[in-house]
*Asks:* 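Structure provided below as structure tokens; questions to follow.
Along the sequence shown, the residues carry numbers beginning at 1.
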Amino acid sequence: MTVHTRIRQFNTKKTYPEQALDNDLCQTVVARGTMVFVRGQIGQNLDTSESVAVGDAAGQTEQAMANIKMLLEEAGSQLEHICKITVYITDPRYREPVYRTIGKWLKGVYPVSTGLVISALARPEWVVEVDAIAVIPDAT
């Protein structure tokens, strides 16, 4: 279900045919409603503060996306309300496994996405961080 206007939708299979990615993205999202800002999530269990999937970028991304889903739901939102994600990785070689994992979680959502390669995150065992902005649509 499309809850926001997603302009110039595309799939990375066509945009980046040389990479094994299958992400639904778009160039612009027009949203009206209540904004939800989700702090950058990493490979850490929110209930225990335990780092998970140390040395595994895809595993850390799974945990980050599970955290985002849980936090959105706690805020009265859902993954389908995501308008923008920002992905931080510490090594460009993590790009494909990280984006493949995100693509599974956000299939059919078409958010705007920015990806950055950075030198480090807050703890040395973390190799990926994902933050999200969602908008809970106004009631119609």
Side-chain angles (χ1 to χ4, degrees):
M1 174 176 101
T2 302
V3 295
H4 303 301
T5 303
R6 315 269 177 172
I7 299 170
R8 293 187 181 244
Q9 295 179 3
F10 65 96
N11 184 285
T12 55
K13 284 188 291 192
K14 295 177 184 167
T15 308
Y16 307 106
E18 72 283 0
Q19 299 174 4
L21 300 176
D22 182 14
N23 293 53
D24 292 333
L25 300 172
C26 70
Q27 299 295 337
T28 306
V29 175
V30 180
R32 183 178 304 265
T34 303
M35 296 182 77
V36 181
F37 299 88
V38 180
R39 180 177 189 261
Q41 296 299 304
I42 37 70
Q44 183 180 49
N45 180 307
L46 289 178
D47 295 323
T48 66
S49 298
E50 174 189 2
S51 290
V52 300
V54 174
D56 176 7
Q60 288 188 21
T61 306
E62 282 286 344
Q63 182 67 52
M65 294 306 296
N67 290 351
I68 289 170
K69 180 180 188 296
M70 179 174 60
L71 292 166
L72 286 173
E73 289 173 353
E74 288 175 5
S77 187
Q78 55 192 354
L79 290 173
E80 290 78 14
H81 296 158
I82 290 177
C83 296
K84 168 94 168 87
I85 62 169
T86 305
V87 181
Y88 307 86
I89 56 176
T90 60
D91 187 317
R93 293 173 291 189
Y94 298 148
R95 184 176 185 275
E96 288 189 41
V98 166
Y99 278 88
R100 271 195 299 272
T101 303
I102 291 170
K104 290 186 313 188
W105 282 86
L106 298 181
K107 194 69 177 162
V109 175
Y110 295 94
V112 173
S113 174
T114 298
L116 302 161
V117 178
I118 60 173
S119 61
L121 292 167
R123 294 178 68 176
E125 66 268 26
W126 298 337
V127 298
V128 62
E129 184 167 332
V130 182
D131 67 43
I133 299 172
V135 179
I136 302 170
D138 288 335
T140 55

*Asks:* Looking at every heavy atom in both Leu21 and Asn11, which two are closest together, and how far apart are they?
*Replies:* O-OD1, 4.4 Å

*Asks:* For the backbone of Tyr110 and the side chain of Arg6, can you confirm whether one donor and one acceptor N or O come within less than 3.5 Å of each other?
*Replies:*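 Yes, Arg6 side chain to Tyr110 backbone: donor-acceptor pair under 3.5 Å.
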
*Asks:* Do Val135 and His81 come close enough that some side-chain heavy atom pair is under 4.5 Å?
*Replies:* no

*Asks:* Write out all pairs satisfying salt bridge (charged side-chain N to carboxylate O under 4.0 Å, His left out) with one or both partners inside residues 100-122, taking only residues at least two apart or from two chains.
*Replies:* Asp22-Lys107, Asp24-Lys107, Glu62-Lys104, Glu96-Arg100

*Asks:* Would you say the side chains of Asn67 and Gln63 form a donor-acceptor pair under 3.5 Å?
*Replies:*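 Their side chains do contain a donor-acceptor pair, which is all the 3.5 Å distance test asks for.
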
*Asks:* Give, for atom CG of Leu25 and atom CD1 of Ile85, the distance between the pair rounded to the nearest 0.5 Å.
*Replies:*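 Answer for the CG-CD1 pair, Leu25 versus Ile85, is 7.0 Å.
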
*Asks:* Measuring only between side-chain heavy atoms, which start at C-beta, is Ile82 closer than 4.5 Å to Val38?
*Replies:* no

*Asks:* Minimum heavy-atom separation for Val128 and Ala57, please, with both atom names.
*Replies:* CG1-O, 3.8 Å

*Asks:* Working to the nearest 0.5 angstrom, can you tell me the gap between Cys26 SG and Arg8 CZ?
*Replies:*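 One gets 11.5 Å once the value is rounded to the nearest 0.5 Å.
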
*Asks:* Return yes when atom NZ of Lys69 has more than 12 non-hydrogen atoms of other residues, nucleotides or ligands closer than 6.0 Å, and no otherwise.
*Replies:* no

*Asks:* When you measure from the side chain of Gln60 to the backbone N and O of Glu125, does any donor-acceptor pair fall under 3.5 Å?
*Replies:* yes

*Asks:* Could you check whether any side-chain N or O of His4 sits under 3.5 Å from a backbone N or O of Cys83, counting only pairs where one atom can act as donor and the other as acceptor?
*Replies:*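 Not at all, since once roles are kept as given, no pair shorter than 3.5 Å links the two residues.
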
*Asks:* My understanding is that only residues two or more places apart in sequence, or in another chain, count here; which of them pass side-chain contact (heavy atoms from CB on, under 4.5 Å) with Ile7?
*Replies:*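 Only Thr5, Thr28, Val30 meet the side-chain contact (heavy atoms from CB on, under 4.5 Å) criterion with Ile7.
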
*Asks:* Honestly curious: do Val127 and Val117 fall in one hydrophobic cluster under the side-chain, below-4.5 Å linking rule?
*Replies:*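 Shared cluster, yes.
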
*Asks:* Is there side-chain contact between Leu106 and Met65, with heavy atoms separated by less than 4.5 Å?
*Replies:* yes

*Asks:* Tell me, do Gln41 and Leu71 make a side-chain contact under 4.5 Å, heavy atoms counted?
*Replies:*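 Side chain of Gln41 against side chain of Leu71, heavy atoms only: contact under 4.5 Å found.
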
